[in-house]
Enquirer: 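Let me give you the structure first, and then I'll get to my questions.
Within every chain, numbering begins at 1; the chains are lettered A, B, ... in the order of the sequence lines, protein sequences first and strands thereafter.
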Amino acid sequence: MSALKSVKGTYDLLPKDKAVHRHVSETARSVAERFGFNEAVTPIFELSEVFSRTLGETSDVVTKEMFSFETKGGDKITLRPEGTAGICRSFISNGLQQEVPVKHFYYGPMFRYERPQKGRQRQFHQVGIELIGVETPQADVEVIAAGYQFLKELGFADDVTLELNSLGDKESRAAYREKLVAYFSQFEDQLSEDSKNRLKTNPLRILDSKDEGDKVLVKDAPVLGECLNEASQAFYTAVKEGLDLLGVPYVENPRLVRGLDYYCHTAFEFTTTTLGAQGTVLAGGRYDDLIKMMGGPQMPGVGWASGVERLALMMGEGSVDLPRPIVVIPVSGDQQVEAMKLAHQLRCEGYIIDQGYSGNMKKRLNRANKANACAAILMGEDELARGCVTVRDLESGEQSEVSLDDLVTSLAKFK
RNA sequence: GCGAUUGUAGCUCAGUUGGUUAGAGCACCGGUUUGUGGUACCGGUGGUCGGGGGUUCGAGUCCCCUCAAUCGCCCCA
């Protein structure tokens with residue numbers, strides 16, 4: 001009880017629950033591949049500057065959520081809090097501008113030092129895709145459509161809402177920021193403490209403040225859309241038209257902003273009301289200046305990340321079954337060796353075979369039940385003498401004798 | 001980082017205004033059944049009551065600290 005436990009914000013994923021997580025990540029991989037994104041794996045830690053230089057020095061992720069440490073050689077290392085920075089670093093390191101457009105899918109653990117809650121852990125998992133090297137809205141449409149298809153194949157088409165906004169290009173955003181700061185500054189003393197800080201660090205975030213007082217002020221705040229210049233306007237329209245064309249439903253949310261500095265133009269979020277405060281299930285946007293900020297070439301990109309734990313939570317415990325084995329049971333100790341040999345042969349033929357290690361037949365059948373086995377192969381002295389075994393269908397209870405020569409083919413229905 | 005709630009067996013929980021040896025269901029192990037599972041009945045293992053300190057003749061129960069989880073804020077997937 002007071003023995004060892006996993007550290008705060010981490011947890012053990014046992015096979016039953018992992019089956020659900022795996023279904024989520026495999027679905028993502030499958031959809032990504034159909035959209036032309038193949039899996040890349042980057043290290044789960046990077047030099048700290050990979051994140052601090054790109055996420056924005058004032059972002060919460062950098063100021064309070066990074067898991068950082070120093071190596072014996074004095075390198076400052078950070079466990080990755082998100083996936084995009086690593087993919088972009090890898091793009092630069094490997095000279096991938098030669099192979100543009102680059103389309104990567106990733107899956108793996110991320111780390112954020114924050115207060116754990118349901119659907120929010122210190123070590124958690126994300127799947128994501130990044131499309132690098134395409135500056136036209138076609139890329140945004142494809143990326144968002146892939147995200148929608150992923151959620152749809154998990155069965156969440158009706159549980160999520162796609163919220164869409166445009167942050168505009170650099171010029172538009174700077175103009176808006178100025179307008180916004182001017183507006184809120186007149187009411188500075190009426191703003192919540194949090195928003196007073198946000199006014200200095202990230203004024204856009206005031207727009208989605210949950211403080212009631214702030215909400216009143218936000219209602220009359222200037223809207224980003226008004227500040228979009230012609231090019232940004234056209235880009236946004238093209239994205240919307242593309243989504244309409246593909247039948248991807250969305251809701252425009254002019255107050256949707258991003259926490260990380262590197263986003264521009266398209267920002268989107270798939271949200272759900274079923275997870276309490278952790279409503280965002282898949283989110284992303286366009287990051288045209290990120291790679292340049294990191295010291296690489298000017299290279300546009302767009303992508304998203306999605307929280308595996310949150311989606312697994314939505315799926316529900318036990319919503320995905322573990323593979324069902326066929327169990328090999330020697331009727332008495334005399335058939336133990338034969339059973340082991342047969343189990344091995346069938347495994348080599350591609351069957352999922354379980355075998356008990358002790359106990360009489362009753363106990364072994366009992367365990368077969370608990371393992372959710374679909375069939376049992378009973379090996380008794382009598383039938384072995386005839387070169388046969390008994391195959392019992394554990395679903396129906398029907399059983400019949402099968403000659404060892406025909407066994408592999410007659411088991412096919414249990415595969 | 002801030003605020004609130006919770007913490008008794010592997011799991012879900014009971015445990016009166018502080019009072020002897022802390023209970024139940026499920027799960028697990030064994031038996032009824034020495035070649036046939038999921039049912040039923042019987043029996044058994046398992047707890048320093050999250051941890052530490054304090055008040056008291058006496059603490060699972062009251063107080064303080066600490067750890068963890070849950071909910072909300074910040075922020076985010």
Side-chain angles (χ1 to χ4, degrees), chain A residues 1-3 5-11 14 24 28 55-56 58-65 81-84 107 109-122 124-128 147 151 160 192-195 197-198 201-202 205 208-211 214 257-260 269-272 275-284 304-314 317 327 329-335 356 358-384 390-399:
Chain A
M1 203 70 237
S2 63
K5 36 186 174 182
S6 67
V7 319
K8 180 173 179 166
T10 68
Y11 63 97
L14 301 179
V24 170
L55 302 180
T58 60
S59 73
D60 266 46
V61 170
V62 169
T63 54
K64 64 176 198 187
E65 292 177 4
E82 55 104 38
T84 304
Y107 163 56
M110 305 292 164
F111 304 83
R112 296 222 290 227
Y113 191 87
E114 52 184 351
R115 192 75 157 246
Q117 283 178 39
K118 180 174 284 181
R120 164 186 283 184
Q121 284 81 27
R122 287 184 170 183
F124 62 106
H125 297 79
Q126 286 186 336
V127 291
L151 295 174
V160 296
S192 66
E193 280 310 308
D194 285 328
S195 288
N197 289 329
R198 285 190 275 236
T201 56
N202 195 344
R205 287 231 76 104
D208 60 5
S209 170
K210 284 169 191 157
D211 183 271
D214 289 350
V257 292
R258 305 271 67 191
L260 308 180
E269 240 171 59
F270 286 87
T271 58
T272 173
L275 292 178
Q278 277 66 246
T280 302
V281 113
L282 184 153
W304 52 253
S306 178
V308 175
E309 277 78 0
R310 290 184 182 179
L311 292 171
L313 219 49
M314 281 177 78
E317 259 176 60
V327 172
I329 299 178
V331 167
S332 77
D334 295 342
Q335 292 84 42
S358 66
N360 58 26
M361 203 156 113
K362 183 187 162 70
K363 275 178 217 154
R364 288 178 192 243
L365 273 168
N366 222 316
R367 269 179 227 133
N369 241 2
K370 277 163 198 156
N372 196 27
C374 53
I377 298 171
L378 307 173
M379 304 179 75
E381 199 177 352
D382 300 350
E383 50 269 62
L384 276 179
T390 299
V391 175
R392 183 179 177 84
D393 183 323
L394 291 177
E395 210 69 59
S396 63
E398 285 166 24
Q399 63 183 42

Enquirer: With sugar-phosphate meaning primed atoms plus P, OP1 and OP2, does A:G9 contact a base, only sugar-phosphate, or nothing at under 4.0 Å between heavy atoms?
Expert: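 If one applies the 4.0 Å heavy-atom cut-off, A:G9 turns out to touch the sugar-phosphate alone, with no base involved.
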Enquirer: Starting the side chain at C-beta, find the nucleotide from B:A77, B:U70, B:G37 nearest to A:K362.
Expert: B:G37
Enquirer: Once you round it to whole Å, what is the distance between C1' of B:G72 and CD of A:E114?
Expert: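 Answer to the nearest Å: 14 Å.
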Enquirer: Taking any heavy-atom pair under 4.0 Å as a contact, classify A:A283: base, sugar-phosphate, or nothing.
Expert: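 Counting heavy atoms under 4.0 Å across all strands, the contact made by A:A283 is with sugar-phosphate only.
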Enquirer: Roughly, in whole Å, what's the span from CG in A:N372 to P in B:G38?
Expert: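 These atoms are roughly 15 Å apart.
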Enquirer: Rounded to whole Å, please give me the gap between CZ in A:R122 and C1' in B:A77.
Expert: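 Answer to the nearest Å: 17 Å.
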Enquirer: For A:R364 and B:C29, what is the distance between atoms CZ and P respectively, to the nearest whole Å?
Expert: 14 Å
Enquirer: Heavy-atom nearest nucleotide on RNA chain B for A:S396 versus A:V281: which residue maps closer to 5'?
Expert: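 So the residue in question is A:S396.
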Enquirer: Quick one: which of B:G37, B:C76, B:G1 gets closest to the side chain of A:R115?
Expert: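 It is B:G1.
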Enquirer: Look at the side chain of A:K8 and decide which nucleotide, out of B:A68, B:G37, B:C74, has an atom nearest to it.
Expert: B:A68
Enquirer: How close or far is atom P of B:A77 from atom CG of A:L151, stated in whole angstroms?
Expert: 14 Å
Enquirer: Looking only at side-chain N and O atoms, does A:Q399 come under 4.0 Å of OP1 or OP2 in B:U36?
Expert: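 No, outside the criterion.
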Enquirer: Please name the nucleotide paired to B:C49 by Watson-Crick or G-U wobble geometry with both distances under 3.5 Å, or report none.
Expert: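 The answer is none; no pair meets the criterion.
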Enquirer: Closer than 4.0 Å, any side-chain N/O of A:K118 to the OP1 or OP2 of B:U70?
Expert: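 Checking A:K118 against B:U70: no side-chain N or O falls below 4.0 Å of OP1 or OP2.
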Enquirer: With a 3.5 Å distance limit and no angle check, can you tell me whether A:R392 reaches the backbone of A:A376 through a side-chain donor-acceptor pair?
Expert: no
Enquirer: I want to check one thing: is the phosphate of B:C29, taken as OP1 and OP2, less than 4.0 Å away from some side-chain N or O of A:K363?
Expert: no
Enquirer: Could you grab the distance from atom CG of A:L282 to atom OG1 of A:T272, nearest 0.5 Å is fine?
Expert: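 A:L282 CG to A:T272 OG1: 12.5 Å, rounded to 0.5 Å.
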Enquirer: Do the side chain of A:Q121 and the main chain of A:P116 share a donor and acceptor less than 3.5 angstrom apart?
Expert: no
Enquirer: Consider only side-chain N and O atoms of A:E383 and A:T390, and report whether a donor and an acceptor are under 3.5 Å apart.
Expert: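 Present: a donor and an acceptor within the cut-off.
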Enquirer: What is the nucleic acid contact for A:L394, judged by heavy atoms within less than 4.0 Å: base, sugar-phosphate only, or nothing?
Expert: base
Enquirer: To the nearest Å, how far apart are A:L365 CG and B:U33 P?
Expert: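 Result: 18 Å.
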Enquirer: Given B:A77, B:A69, B:C74, which nucleotide is nearest the side-chain atoms of A:Q126?
Expert: B:A77
Enquirer: From the list B:C73, B:U70, B:U36, which nucleotide is the closest neighbour of the side chain of A:L378?
Expert: B:U36
Enquirer: Select one nucleotide: of B:C75, B:G37, B:C76, the one nearest the side-chain heavy atoms of A:E65.
Expert: B:C75
Enquirer: Using whole Å, what does the distance between atom P of nucleotide B:G37 and atom CG of A:N360 come to?
Expert: 10 Å
Enquirer: Mapping A:N369 and A:S306 to their closest nucleotides on RNA chain B, which lands nearer the 5' end?
Expert: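 First, find each residue's nearest nucleotide; the 5'-ward one identifies A:N369.
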Enquirer: Which nucleotide, B:G35, B:A69, B:C75, lies nearest any side-chain atom of A:R205?
Expert: B:C75
